[in-house]
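Note that this is a predicted model, so its numbers are computed, not measured. Quick note: numbers below take in every heavy atom, side chains included, and nothing from hydrogens, waters or symmetry partners. We're numbering straight along the sequence, starting at 1.
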Amino acid sequence: MIAFDDTIVAPATPPGTSAIAVIRLSGTQSIEICNQLFRNRNLQEQPSHTIHYGTLRDGDEVLDEVLVSLFKAPTSFTKEDVVEISCHGSGYVVQRIIRGLLKYGARLAEPGEFTKRAFLNGQFDLAQAEAIGDLIHADSEATHQAALHQMRGGFSKQIRTLREQLVHFASLVELELDFGEEDVEFANRTDLKNLVLEIQIVISKLIESFRLGNVIKNGVPTVIAGKPNAGKSTLLNALLNEEKAIVSDIPGTTRDFIEDEIQIEGIRFRFIDTAGLRHTTDTIEAMGVARTREKLKQASLIIYLYDVAQTTAEELEDELREIKSLEIPYLAVGNKADAAPQPRKGERPPPTPSEGGGFPTPPSGVGGPLFISAATGQGLDELRQRLLDKVRTDDYRKTDTLVTNLRHYEQLRLTHEALEQVLAGLGTSITGDLLAMDI
């Protein structure tokens, strides 16, 4: 445990007017400093994990009526003496109380310093400390569950177990170096190879889980693309359930991209409505089309919308060629299904009045045809389900660990590469000292 000589103070609740606010102190002098303002009883003599009602006074000035919660070391968040003052949620009251605490020896905490002290004092490891920040900023069920699991040590426990197994083998290999002249082998090379292969499988799954973990944490950038007047803005408005984008029968109304977010079963999707893809001599519209192509490259998922009454199968195939070249998951969605008779399941699509053909269906391998009407809401529930299927959340909901942190992902990737070096060394029968270094 690291001894900090100073006592820190900061609001534990966000700024603004509210019914109550919480001010937190942590450090060796936190109870003594609070005693200078809290005159109702001597907090030093009170047991840990108790709450006390009273009045805070700075000299003759009454600051507020408060509840003071005591958490004595080492059974507190920071493993130091911690005092939490619940006061009325006026910004002035909060600042006045903090000024009084500063007057008697506390100092303002730096951003994240309470969590930093808890980490340095061994309350939890770095991965759990990072999860606290993720939990504070969680804005969906999925991000909440992932952060909560990591904060409780699920990720750390799995990594610690793997590390202990490797350290055990490394110690055996290094022990062999002390008996170099006797040609003994304490670490069975076959067992070591099997262990490394087993760990590689676990690490590979963790690395793969980052794809979903990153999506859960940051949302799924989903670009709605298609030719002008395919109904992209109407679809955005329907998904958001508000008039976010201007809708017009005039092709090329959307010149720039518009974006907003919604949650679908706990997963945050960031929908981006874009300018229609077509060749144009209009300078402003051409800039919008260029931005659309940039957004497509940055997307994690693409909804390619086409007008079922105005697009033939051959035209759709040509339009999707550019989308498929990006190698990004996409959904080809036929819009304005209410403008022509829908094909029945298993039947050949009937001709549409405008084209004399049928509903153009997406090429094979993209999830089968999906027809909607953004104007009436027809098929939107199925579209939402297809979006969830594309991020494959169900594959990971049954697993214990989900990697959401970019630093964790990078370290796991480097670990995977380092273990490949161990396997290469075992394959070439390198000496024990070099093998120990690789491990």
Expected output: side-chain Asn335 to main-chain Asp307 donor-acceptor under 3.5 Å: no
ring-ring contact (aromatic ring centres under 6.0 Å, His included) involving Phe38 - partner list, sequence neighbours excluded: none
Pairwise side-chain contact, Asp81 with Leu25, heavy-atom cut-off 4.5 Å (strictly under): no
Please tabulate, one pair per line, all N/O donor-acceptor pairs under 3.5 Å involving side-chain atoms of residues 6-16, not counting sequence neighbours.
{"unit_1": "Asp6", "atom_1": "OD1", "unit_2": "Arg117", "atom_2": "NH2", "d": "2.7"}
{"unit_1": "Asp6", "atom_1": "OD2", "unit_2": "Arg107", "atom_2": "NE", "d": "2.4"}
{"unit_1": "Asp6", "atom_1": "OD2", "unit_2": "Arg107", "atom_2": "NH2", "d": "2.9"}
{"unit_1": "Thr7", "atom_1": "OG1", "unit_2": "Gln29", "atom_2": "N", "d": "3.0"}
{"unit_1": "Thr13", "atom_1": "OG1", "unit_2": "Val22", "atom_2": "N", "d": "3.1"}

His416: partners by side chain to side chain donor-acceptor pair (under 3.5 Å), with sequence neighbours left out: Ser204
Minimum heavy-atom distance between Val403 and His408, given as atom pair plus value: CG1-CB, 4.0 Å
For Ser171, side chain to side chain donor-acceptor pair (under 3.5 Å) partners two or more places apart: none
Minimal non-hydrogen separation, Val220 against Ser300, with atom names: CG1-CB, 4.1 Å
Residue pair Gln36 / Lys103, side-chain heavy-atom distance below 4.5 Å: no
NZ-CZ distance between Lys390 and Phe269, expressed to the nearest 0.5 angstrom: 11.5 Å
Flag for Glu420-Gln200: side-chain donor and acceptor within less than 3.5 Å: yes
Exercise: identify the closest heavy-atom pair between Ile33 and Gly105: CD1-C, 3.7 Å
Residue of the set Lys157, Arg160, Arg152 for which salt bridge (charged side-chain N to carboxylate O under 4.0 Å, His left out) holds with Asp125: Arg160
Side chain to side chain donor-acceptor pair (under 3.5 Å) partners for Arg24, two or more places apart: Glu84
Donor + acceptor pair across side chains of Gln385, Asp381 (<3.5 Å): no
Within 6.0 Å of NE2 in His88, more than 12 heavy atoms from elsewhere: no
Would you tabulate the side-chain donor-acceptor contacts of residues 69-76 under 3.5 Å, counting partners in other chains and residues two or more places apart, or write 'none'?
{"unit_1": "Lys72", "atom_1": "NZ", "unit_2": "Gln44", "atom_2": "O", "d": "3.1"}
{"unit_1": "Lys72", "atom_1": "NZ", "unit_2": "Gln46", "atom_2": "O", "d": "2.6"}
{"unit_1": "Thr75", "atom_1": "OG1", "unit_2": "Lys72", "atom_2": "O", "d": "3.0"}
{"unit_1": "Ser76", "atom_1": "OG", "unit_2": "Lys79", "atom_2": "N", "d": "3.1"}
{"unit_1": "Ser76", "atom_1": "OG", "unit_2": "Glu80", "atom_2": "N", "d": "3.2"}
{"unit_1": "Ser76", "atom_1": "OG", "unit_2": "Glu80", "atom_2": "O", "d": "2.5"}

Test item: side-chain donor near acceptor, Glu319 and Tyr306, under 3.5 Å: no
Closest contact, heavy atoms only, Ala337 versus Gln378: CB-NE2, 3.8 Å
Donor-acceptor under 3.5 Å (Gln128 side chain, Met151 main chain): yes
N-O pairing of Arg321 and Asp318 below 4.0 Å: yes
For His49, side chain to side chain donor-acceptor pair (under 3.5 Å) partners two or more places apart: none
N/O donor-acceptor pairs under 3.5 Å from side chains in residues 93-102, not counting sequence neighbours:
{"unit_1": "Arg96", "atom_1": "NE", "unit_2": "Glu61", "atom_2": "OE2", "d": "3.4"}
{"unit_1": "Arg96", "atom_1": "NH2", "unit_2": "Asp58", "atom_2": "OD2", "d": "3.0"}
{"unit_1": "Arg96", "atom_1": "NH2", "unit_2": "Glu61", "atom_2": "OE1", "d": "2.8"}

Heavy-atom side-chain proximity of Phe210 to Asn405 below 4.5 angstrom: no
Glu174: partners by salt bridge (Lys or Arg N to Asp or Glu O under 4.0 Å), with sequence neighbours left out: none
Listed partners of Glu32 passing salt bridge (Lys or Arg N to Asp or Glu O under 4.0 Å), at least two apart: none
Sidechain-backbone polar pair: Thr274 side chain, Ile224 backbone, donor-acceptor under 3.5 Å: yes
Residues which pass salt bridge (Lys or Arg N to Asp or Glu O under 4.0 Å) with Glu417, listed by chain and number, not counting sequence neighbours: Arg413
Residues which pass salt bridge (Lys or Arg N to Asp or Glu O under 4.0 Å) with Asp60, listed by chain and number, not counting sequence neighbours: none
